Amino acid sequence: QILTWQARRRAGLTLTELEALTGIGKTTLNNIENGTVSPRLDQLEAIARATGTKITDLFDAPNNNATRIITHNSAARWTCTVYFPKSGNM
């Protein structure tokens, strides 16, 4: 899950304000927030910058000690891999 709605709400921004700050249309932002589309990396970067959030914090991880690694492949797609610490190592 991508946590753009949570980041926007923490920043106290409306969809209209986030649209102005990011250049991403309100409909697209709404679809990203509702999980009906996957955002591109440049969109995630713009949302993170506008909300004062680290891009890795836009990804849901059930364990706060998890390590998130974002990578690109040749098709300009991004992947978020989450590594969880072994039990007892926290």
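Small disclaimer: the values here were computed from a predicted structure and weren't measured.
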In Å and rounded to the nearest 0.5 Å, what is the CD1 to CG distance from I2 to N34? 13.0 Å

Non-neighbouring partners of E33 that pass salt bridge (Lys or Arg N to Asp or Glu O under 4.0 Å), sequence neighbours left out: R8

Just so I know, are the side chains of T27 and N31 near enough to count as touching, which here means a heavy-atom distance under 4.5 Å? yes

Shortest non-hydrogen contact between G25 and E19, atoms and distance: CA-OE2, 3.6 Å

Who are the side chain to side chain donor-acceptor pair (under 3.5 Å) partners of T22, not counting sequence neighbours? none

I want to check something: taking the side chain as every heavy atom from C-beta on, are T16 and K26 in contact at a cut-off of under 4.5 Å? yes

If you group Ile, Leu, Val, Met, Phe, Trp and Tyr by side-chain heavy-atom gaps below 4.5 Å, do L21 and L15 land in one group? yes

Which pair of heavy atoms, one from Q43 and one from R40, lies closest together, and at what distance? OE1-N, 2.8 Å

Cluster overlap W5 with L58, hydrophobic side-chain contacts below 4.5 Å: no

Once rounded to the nearest 0.5 Å, what's the spacing between atom OG1 of T51 and atom CD of Q6? 11.0 Å

Working to the nearest 0.5 Å, report the span between CD1 of I24 and CD1 of I32. 5.5 Å

Looking at CG of L44 and CD1 of I55, how far apart are the two atoms once the value is rounded to the nearest 0.5 Å? 5.0 Å

About how many Å separate CG of L29 and CG of L18, when rounded to the nearest 0.5 Å? 5.0 Å

